[in-house]
Amino acid sequence: MGVREKLISLEENAARDCTVTFSTSGDLKAAELCVDNCRCIKELDDNFIVLSVCGYDIRVSGTPLRLENFGVGSVKITGIIHSLSFEENQNG
């Protein structure tokens with residue numbers, strides 16, 4: 001197996017290991033975002049959270065946001081979520 005094939009395999013395995021689940025209640029007043037394999041919390045305040053996950057940054061904005069259950073790479077964000085974006089992590 002060449003280097004290219006190994007890199008493709010690593011990327012496919014990483015994609016399988018990363019899980020993001022988003023759910024909302026019926027009235028859209030409350031949302032829950034669950035993220036597995038969180039590598040670090042890059043930014044955190046009441047209205048904005050940035051997580052590093054599998055080579056990507058997940059940016060969440062909303063009011064008010066709560067971060068729960070940080071342990072063994074798993075977090076849960078609750079609150080009224082206004083926007084959610086995924087950006088490639090420039091640091092690898």
Side-chain angles (χ1 to χ4, degrees):
M1 181 184 302
V3 172
R4 185 177 194 284
E5 289 81 13
K6 286 181 184 178
L7 289 173
I8 290 170
S9 175
L10 283 173
E11 184 176 334
E12 288 172 353
N13 287 334
R16 274 187 237 120
D17 291 339
C18 296
T19 304
V20 178
T21 305
F22 182 75
S23 63
T24 60
S25 67
D27 61 3
L28 298 179
K29 298 268 184 195
E32 182 176 281
L33 176 68
C34 297
V35 180
D36 289 329
N37 296 312
C38 177
R39 310 233 180 211
C40 76
I41 300 169
K42 290 185 156 185
E43 295 179 43
L44 174 66
D45 68 25
D46 289 343
N47 303 315
F48 192 71
I49 297 173
V50 179
L51 306 173
S52 178
V53 180
C54 299
Y56 288 87
D57 289 344
I58 299 176
R59 298 177 178 274
V60 183
S61 67
T63 54
L65 296 177
R66 287 187 57 193
L67 184 70
E68 302 176 59
N69 298 336
F70 189 77
V72 196
S74 179
V75 296
K76 178 170 69 171
I77 298 170
T78 56
I80 300 171
I81 296 177
H82 300 288
S83 69
L84 178 66
S85 66
F86 297 84
E87 296 178 9
E88 189 169 358
N89 186 333
Q90 299 302 315
N91 298 327

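- For the pair Val60 and Leu33, the minimum side-chain heavy-atom distance is below 4.5 Å.
- Neither Val50 nor Leu44 shares a network with the other; the hydrophobic side chains, linked directly or stepwise wherever heavy atoms of I, L, V, M, F, W or Y lie under 4.5 Å apart, form separate groups for each.
- Between Leu65 and Gly79, the shortest heavy-atom distance links the atoms CD2-CA, 4.4 Å.
- For the side-chain contact (heavy atoms from CB on, under 4.5 Å) test, residues two or more places apart in sequence or in another chain that qualify with Asn47 are Asp45, Thr63.
- Minimum interatomic distance between Val53 and Asp36 (heavy atoms only, all atoms of both residues): CG1-O, 3.8 Å.
- Residues that satisfy the side chain to side chain donor-acceptor pair (under 3.5 Å) test with Thr78, not counting sequence neighbours, are Glu68.
- With contacts defined as side-chain heavy-atom distances shorter than 4.5 Å, the pair Leu51/Asp57 does not qualify.
- For the side-chain contact (heavy atoms from CB on, under 4.5 Å) test, residues two or more places apart in sequence or in another chain that qualify with Ser61 are Phe48, His82, Ser83.
- Annotation: side chain of Ile77 is not in contact with side chain of Glu32 (no heavy-atom distance under 4.5 Å).
- In this structure, the side chain to side chain donor-acceptor pair (under 3.5 Å) partners of Arg59, at least two apart in sequence or on a different chain, are Glu87.
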field: Evaluation steps, side chain to side chain contact (heavy atoms under 4.5 Å, CB included), between Leu67 and Ile41
entry: CA-CA 10 Å; Leu67 184 70; Ile41 300 169; 3.1 Å; yes
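- The two residues Ser52 and Lys42 make their nearest non-hydrogen contact at CB-CE, 4.1 Å.
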